[in-house]
Amino acid sequence: TVYAMVLGSTSVVCTVVQYLPQIYTTLRLKHAGSLSVLMLALQLPGALLVIYFQAILNSADLTTWVPYVFQAVQQAVLIAICLFFRFRLRQKRPLAFLSSRSSDGPDVERHSLVENPDHSESPMASPVLSPARSRHSPFIN
């Protein structure tokens with residue numbers, strides 16, 4: 001019917017509008033960003049199963065299952081783009097996470113966080129407070 005064609009076409013347009021900006025952004029940035037490839041990988045088999053059950057087993061009208069074809073194709077394209085950029089990054093920098101570590105091991109501190117080389121003025125240098133400090137402290141009588 002005409003009503004089903006209008007709804008099916010609207011669904012296709014909505015599906016394309018949903019995924020095209022994400023595909024464009026992923027191509028432009030050359031990485032997935034916060035997009036979950038796992039989520040897409042879980043949704044893709046679901047869309048394929050809907051296509052199988054509606055088109056083959058149920059012999060439903062085109063307007064029922066064609067939107068899922070568009071969805072599945074765009075999800076597959078997005079997964080392929082994300083995986084391509086992920087593998088390309090790994091080939092360029094396979095051990096990049098190790099290059100920032102010291103040759104002495106991961107637990108060696110390269111630079112001191114405290115810029116006070118004379119530790120005598122540090123409040124933690126001595127457990128005994130000076131008389132001048134004890135007068136101003138609210139905790140010492």
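Reckoned from all heavy atoms, side chains included, excluding hydrogens, waters and symmetry mates.
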Donor-acceptor list for residues 69-77 side chains, cut-off 3.5 Å, not counting sequence neighbours:
residue	atom	partner	partner atom	Å
Q75	OE1	L44	N	3.4
Q75	NE2	Y19	OH	2.7
Q75	NE2	Q43	OE1	2.9

Which one of D61, L62, T64 satisfies the side-chain contact (heavy atoms from CB on, under 4.5 Å) criterion with Q54?
T64
Spacing of [atom1] belonging to [X] relative to [atom2] belonging to [Y], to within rounding of 0.5 Å:
{"X": "L78", "Y": "L35", "atom1": "CG", "atom2": "CG", "value": "5.0 Å"}
{"X": "I51", "Y": "L57", "atom1": "CD1", "atom2": "CG", "value": "13.0 Å"}
{"X": "Y68", "Y": "L48", "atom1": "OH", "atom2": "CG", "value": "12.5 Å"}

Do the side chain of S11 and the main chain of L7 share a donor and acceptor less than 3.5 angstrom apart?
no
Short side-chain to backbone donor-acceptor contact, T10 and V6, under 3.5 Å:
yes
Is there a chain of hydrophobic side chains (I, L, V, M, F, W, Y, each step under 4.5 Å between heavy atoms) that links L27 to V16?
yes
Do L20 and L29 land in one hydrophobic cluster if side-chain heavy atoms of ILVMFWY residues count as linked below 4.5 Å?
no
Please set out all donor-acceptor pairs under 3.5 angstrom arising from side-chain atoms of residues 79-89, sequence neighbours excluded.
none

For a quick test of reading the model, state the closest non-hydrogen atom pair linking T63 to P67 and the distance between them.
O-CD, 3.6 Å
